[in-house]
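Heads up, the thing below is written out as structure tokens.
Chain letters run A, B, ... following the sequence lines, proteins first and then strands; every chain starts at 1. Keep in mind it's a predicted model, so treat the numbers as computed, not measured.
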2 protein chains.
Amino acid sequence: MSGSMGRREREHAQRYNDILDAAEECFAEKGFHGTTVEDVANRAEFAVGTLYKFFSSKDELYKALIKERVEYLIQAGLEAMADVVGTEELVRCYIETKVRLCRAKPNFLRLYTRERMGDRFAKTELWREVVWPNFERLYTRLTEAFEAGIAEGALRDDIEVFDMVVALDNITDGFLFDALDDDDIDKYATKVEVMMRLFFDGVARK
Amino acid sequence: MSGSMGRREREHAQRYNDILDAAEECFAEKGFHGTTVEDVANRAEFAVGTLYKFFSSKDELYKALIKERVEYLIQAGLEAMADVVGTEELVRCYIETKVRLCRAKPNFLRLYTRERMGDRFAKTELWREVVWPNFERLYTRLTEAFEAGIAEGALRDDIEVFDMVVALDNITDGFLFDALDDDDIDKYATKVEVMMRLFFDGVARK
DNA sequence: TCATTATATGAATTGATATTCACAAGATGA
DNA sequence: TCATCTTGTGAATATCAATTCATATAATGA
């Protein structure tokens, strides 16, 4: 894409992204309201006024950031899972991809979590228009895979697939948050097999 | 306790609680920053100045609310589980208590969730001093029960108890959030058995 | 080089809302 | 009934941070 842009455009896009990066760090650290436009400007090494040449308001900046990153994350996740066949392999891939993305963008995952939990119940436009639709794509992918899993006898047929997806998503999130708490992604990485067993076999002694 | 108070004290405590109730509704609806002190005052049917006779700042009001309610919820949960024996019975009790509390205080659970996710990573004083210590009491109760469960052979011994607690807490939260999303607590209540099976047996066909 | 255009700056403005405080109203008990 | 003490009021003030804009600086290309 950047090949088709002139230097002007390319530099503009570069600055735009620098601002998003700065915003990501600030918002992840101190939340939307705890972050001032000046904070972001300082971190990006621009004057306040300059930010307003790129984004019409603090709100727009925040929305642009969430949109950009959520779309990137979900896209990356779906691509990683694209060619995987077999229920167990898919779940493993889902979990491992979560590790990779968490390693690549820990700040954003903190931010995303806040967005997911904080604005979820408030049903903000951002949640409805950007976060949820993207998230739904992932849920759909998992749902279809689990339906296939039931059909071929790998998964039990007395639990709704949506409930299985909720369980998988939340078990993995639980370990992820615990790791983000301690700023220790390796901790999450070592739990891949634990999550697999918890999800597929549960905790009961067999 | 209220028996030992004079009318003065009792009335003061009553007003104090009325303000907390009003604050709970406002904060749950519009978040901390979206709520003005005037909103709370109006809802409580007091003048702004009066609120400041009870709480020295908006921040103090918020902290008092979270502290009060978190302590109440955890206490109620622990008491409900106090005499339960047997791993399966305890887990069922945990899940069912969550339904009851969610029914009793849905607004606060929305607020609590926000607090848990939003301030968790920011490691606010409120999180460190109030929310987490209470939460930990619950984790301890479950941890001990699961250790007993392993000892008596009801639970597998190749997964750390802390991980089991994380899984249980997050599976149940997943269904809880889904229900709170739709403002439909009954939806959560119908999932008790599903959560039990997911937690104990997992999704694999046996 | 110089005129023109694009980009960057940050002090000044604006708007919102948390907090204060001088005063009012109500309760209490002599 | 009156003096005193307690509680309630909300307009006025203080604070903080988003946004604007007149001006400065840098890039372009004739």
Side-chain angles (χ1 to χ4, degrees), chain A residues 2 5-66 111 114 119 122 124-126, chain B residues 2 5-66 111 118-119 122 124-126:
Chain A
S2 68
M5 288 197 254
R7 183 169 56 78
R8 271 289 163 71
E9 276 178 290
R10 219 163 41 239
E11 283 179 358
H12 188 272
Q14 176 66 55
R15 284 180 211 120
Y16 182 97
N17 276 310
D18 288 347
I19 295 172
L20 284 191
D21 287 340
E24 179 176 319
E25 290 177 45
C26 294
F27 288 137
E29 212 169 88
K30 307 197 279 180
F32 181 77
H33 293 285
T35 300
T36 68
V37 173
E38 214 186 326
D39 289 338
V40 179
N42 288 341
R43 176 113 39 163
E45 294 176 87
F46 280 111
V48 208
T50 310
L51 293 210
Y52 283 86
K53 293 280 201 284
F54 288 83
F55 302 94
S56 65
S57 70
K58 183 185 177 186
D59 237 73
E60 287 305 315
L61 166 61
Y62 187 73
K63 283 189 205 169
L65 172 65
I66 298 288
L111 196 54
R114 221 179 261 197
D119 288 355
T124 61
E125 188 200 317
L126 188 56
Chain B
S2 68
M5 289 196 255
R7 181 170 56 78
R8 270 290 162 71
E9 275 180 290
R10 219 162 43 237
E11 283 180 355
H12 187 273
Q14 175 66 55
R15 284 181 211 114
Y16 182 97
N17 275 310
D18 287 347
I19 295 172
L20 284 190
D21 286 341
E24 178 177 321
E25 289 178 46
C26 293
F27 288 138
E29 213 168 89
K30 307 197 278 178
F32 181 77
H33 293 285
T35 300
T36 68
V37 175
E38 215 187 324
D39 288 339
V40 179
N42 287 342
R43 176 113 41 163
E45 294 177 87
F46 279 113
V48 205
T50 310
L51 292 211
Y52 282 86
K53 291 282 195 305
F54 289 83
F55 302 93
S56 65
S57 69
K58 184 185 175 187
D59 238 72
E60 286 306 315
L61 166 60
Y62 187 72
K63 284 189 203 168
L65 172 65
I66 298 289
L111 197 52
D119 288 352
T124 61
E125 188 201 316
L126 188 56

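Nearest nucleotide to the S57(B) side chain, out of dT19(C), dA18(C), dG10(D): dT19(C). Considering only the side chain of R8(A), dT7(C) comes nearest among dT19(C), dT7(C), dT19(D).
Distances shown here put every side-chain N or O of R15(A) at or beyond 4.0 Å from the OP1 or OP2 atom of dT7(C). Under 4.0 angstrom from either OP1 or OP2 of dA8(C) there lies no side-chain N or O belonging to K53(A). Look at R7(B) and you'll find a side-chain N or O under 4.0 angstrom from OP1 or OP2 of dT28(C). OP1 or OP2 of dT9(D) lies within a sub-4.0 Å distance of a side-chain N or O belonging to T50(B).
The NE2-P distance, from H33(B) to dA17(D), rounds to 10 Å in whole Å. Here the C1' atom of nucleotide dT20(D) and the CZ atom of F55(A) are 18 Å apart, to the nearest Å. Rounded to whole Å, the distance from CZ on F46(A) to P on dT25(D) is 18 Å. The distance from atom OH of Y52(A) to atom P of dA22(D) is 17 Å, rounded to the nearest whole Å. We find that CD of E60(B) is positioned 14 Å from C1' of dT19(C), with the value rounded to whole Å. For the pair E45(B) CD and dG10(D) C1', the interatomic distance rounds to 16 Å; values are reported in whole Å. Spacing between atom CD of E38(B) and atom P of dA18(C) amounts to 9 Å, rounded to whole angstrom units. In this structure, L51(B) places its CG atom 11 Å from P of dT19(C), rounding to the nearest Å.
Ring-plane geometry between F27(B) and Y62(B) is classed as perpendicular, the angle between the planes exceeding 60 degrees on a 0 to 90 degree scale with a lower cut at 30.
Within 6.0 Å of atom CD in E38(B), 12 or fewer heavy atoms from other residues, nucleotides or ligands are found, so the atom counts as exposed in its surroundings.
Between A47(B) and T36(A), the one whose closest nucleotide on DNA chain D sits nearer the 5' end is A47(B).
The shortest heavy-atom contact between Y52(A) and S57(A) is CE2-CA, 3.9 Å.
The cationic atom of K58(B) (NZ for Lys, CZ for Arg) lies less than 6.0 Å from the six-membered ring centre of F32(B) and within 45° of the ring axis.
Between E45(A) and R15(A), none of the side-chain N atoms (NZ, or NE/NH1/NH2) sits under 4.0 Å from a carboxylate O, so this pair counts as no salt bridge.
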